Amino acid sequence: MNTTEQLIPTPSASTGSTGSARTDAVPSSVDPRTDLAAAVALAGRTLAAVRPGQYDAPTPCEEFDVRRLSSHLVAVVRRIAVIGRGEDPFSVPSFADEIADGGWAAAWGPGAREVAKVWADPGVLGRQLRLPMGVLPGAAAAAVYTHELTVHTWDLARATGQDPAWDPALIERVIAVVRRALPAEPRGGRIPFGDVVEVDPQAPAIDRLVAWTGRRP
């Protein structure tokens, strides 16, 4: 299972190509920066609670153990700030390999503060921003990274025995976006997610979200 950054090709200034999914339509009732900030904060709290004896534990994201996922999360929060500034997302590596074991929580704080600073400008929501997956309006980019952070926070929590305080309303908004952006079929290949896992329609929102991305709640 890969990350939301690699979801589905979207209209790109460099390629002009389009995909079948829509990530440009984001509900307007809630400022997507509010959800992004909440996802950043929850990911940071979850990362801070990881214990040294858990670094080698596997996670539901099959490519990552806890160590690798923690490094990736720090890279993601750094990339969100770079993207908000309109800069090249690939200027930030996918992993913060320079951080020693146990240093991820300390690195998270500066990254999160930079995200808050960059995304404080409401004008960012209407700007065309470059993501690894293509060019999207800032509002859609915020939704993409809210999804990525939420799912990877679940991965980390599941691997380390944590039970974060999920916000059901936020997750319902993420579900609404990801169901448009990530179709149930096909999966695999250019759509780097596992098959949808069937869960009770009345299951908690976080279970329904991760199941859509191919995880087993």
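Owing to the predicted nature of the structure, the values given are computational and were not obtained by experimental measurement. All heavy atoms count here, side chains included; hydrogens, waters and symmetry mates do not.
Of all non-hydrogen atoms in V197 and P217, the two that sit nearest each other are CG1-CD, 4.4 Å.
Listed by chain and residue number, D97 satisfy the salt bridge (charged side-chain N to carboxylate O under 4.0 Å, His left out) test with R68 (two or more places apart in sequence, or in another chain). With sequence neighbours left out, the side-chain contact (heavy atoms from CB on, under 4.5 Å) criterion links A105 to A48. A75 meets the side-chain contact (heavy atoms from CB on, under 4.5 Å) test with no other residue; sequence neighbours excluded. Not counting sequence neighbours, A100 has no partner by the side-chain contact (heavy atoms from CB on, under 4.5 Å) test. Remark: W104 pairs with Y55 by the ring-ring contact (aromatic ring centres under 6.0 Å, His included) rule, at least two apart or across chains. Under the rule for a salt bridge (charged side-chain N to carboxylate O under 4.0 Å, His left out), the partners of D56 that lie at least two apart in sequence or sit in another chain are R67. Annotation: side-chain contact (heavy atoms from CB on, under 4.5 Å) contacts of R158 (sequence neighbours excluded): P60, W154. Residues meeting the salt bridge (charged side-chain N to carboxylate O under 4.0 Å, His left out) test with D65, sequence neighbours left out: none. Applying the salt bridge (charged side-chain N to carboxylate O under 4.0 Å, His left out) criterion to D121, with sequence neighbours excluded, gives R127. Listed by chain and number, the residues in a side-chain hydrogen bond (donor to acceptor under 3.5 Å, both in side chains) with E172 are R208 (sequence neighbours excluded).
Taking hydrophobic clusters as Ile, Leu, Val, Met, Phe, Trp and Tyr residues chained together by side-chain heavy-atom distances below 4.5 Å, L149 does not share a cluster with V82. By the criterion of side-chain heavy atoms lying less than 4.5 angstrom apart, applied directly or through intervening Ile, Leu, Val, Met, Phe, Trp or Tyr residues, V151 is not grouped with V199; the two fall into different hydrophobic clusters. Neither V92 nor L131 shares a network with the other; the hydrophobic side chains, linked directly or stepwise wherever heavy atoms of I, L, V, M, F, W or Y lie under 4.5 Å apart, form separate groups for each.
Separation of atoms CG (L42) and CG (D167) is listed at 9.5 Å; rounding is to 0.5 Å. Taking CD1 of I175 as the start and CZ of R180 as the end, the distance is 12.0 Å to the nearest 0.5 Å. R79 CZ to S91 OG: the interatomic distance, rounded to the nearest 0.5 Å, is 8.0 Å. Separation of atoms CD (Q54) and CG (L156) is listed at 8.5 Å; rounding is to 0.5 Å. Here the SG-CG distance, from C61 to L69, works out to 6.5 Å after rounding to the nearest 0.5 Å. The distance from the CD1 atom of I206 to the CG atom of L170 is 9.5 Å, given to the nearest 0.5 Å.
Contacts classified as salt bridge (charged side-chain N to carboxylate O under 4.0 Å, His left out) and involving residues 33-42 (residues at least two apart or in different chains) are given here: D31-R33, D35-R173. Within the structure, salt bridge (charged side-chain N to carboxylate O under 4.0 Å, His left out) contacts touching residues 108-119 (residues at least two apart or in different chains) are R85-E114.
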Item to check | Full working for side-chain contact (heavy atoms from CB on, under 4.5 Å) between L47 and V74 | outcome: CA-CA 9 Å; L47 188 60; V74 173; 4.2 Å; yes

Next on the checklist: Does I99 form a side-chain contact (heavy atoms from CB on, under 4.5 Å) with S71? I'd like the steps, not just the answer.
Outcome noted: CA-CA 8 Å; I99 299 175; S71 175; over 6 Å; no

Next on the checklist: Run Y145 and V40 through side-chain contact (heavy atoms from CB on, under 4.5 Å) and show every step you take.
Outcome noted: CA-CA 9 Å; Y145 280 103; V40 168; over 6 Å; no

Checklist entry - Given L36 and W119, is the side-chain contact (heavy atoms from CB on, under 4.5 Å) satisfied, shown in steps? => result CA-CA 9 Å; L36 178 61; W119 287 80; 4.1 Å; yes

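In terms of modelled atom types and a separation under 3.5 Å, the side chain of T46 and the main chain of T153 share no donor-acceptor contact.
H147 places a side-chain heavy atom less than 4.5 Å from the side chain of L209. Between T146 and P32 the shortest side-chain heavy-atom distance does not fall below 4.5 Å. For the pair W108 and L73, the minimum side-chain heavy-atom distance is below 4.5 Å. Taking the side chain as every heavy atom from C-beta outward, V124 and V118 never approach each other to under 4.5 Å. A heavy-atom distance below 4.5 Å is not found between the side chains of L136 and L129. Here the side chains of F64 and D155 are not in contact, with every heavy-atom distance at 4.5 Å or above.
Crowding of E98 atom CD: a count of heavy atoms from other residues, nucleotides or ligands under 6.0 Å exceeding 12.
Just one of V76, I80, I83 meets the side-chain contact (heavy atoms from CB on, under 4.5 Å) condition when paired with V115; it is I80.
Between H72 and F95, the ring-plane angle classifies as tilted under the 30° and 60° cut-offs.
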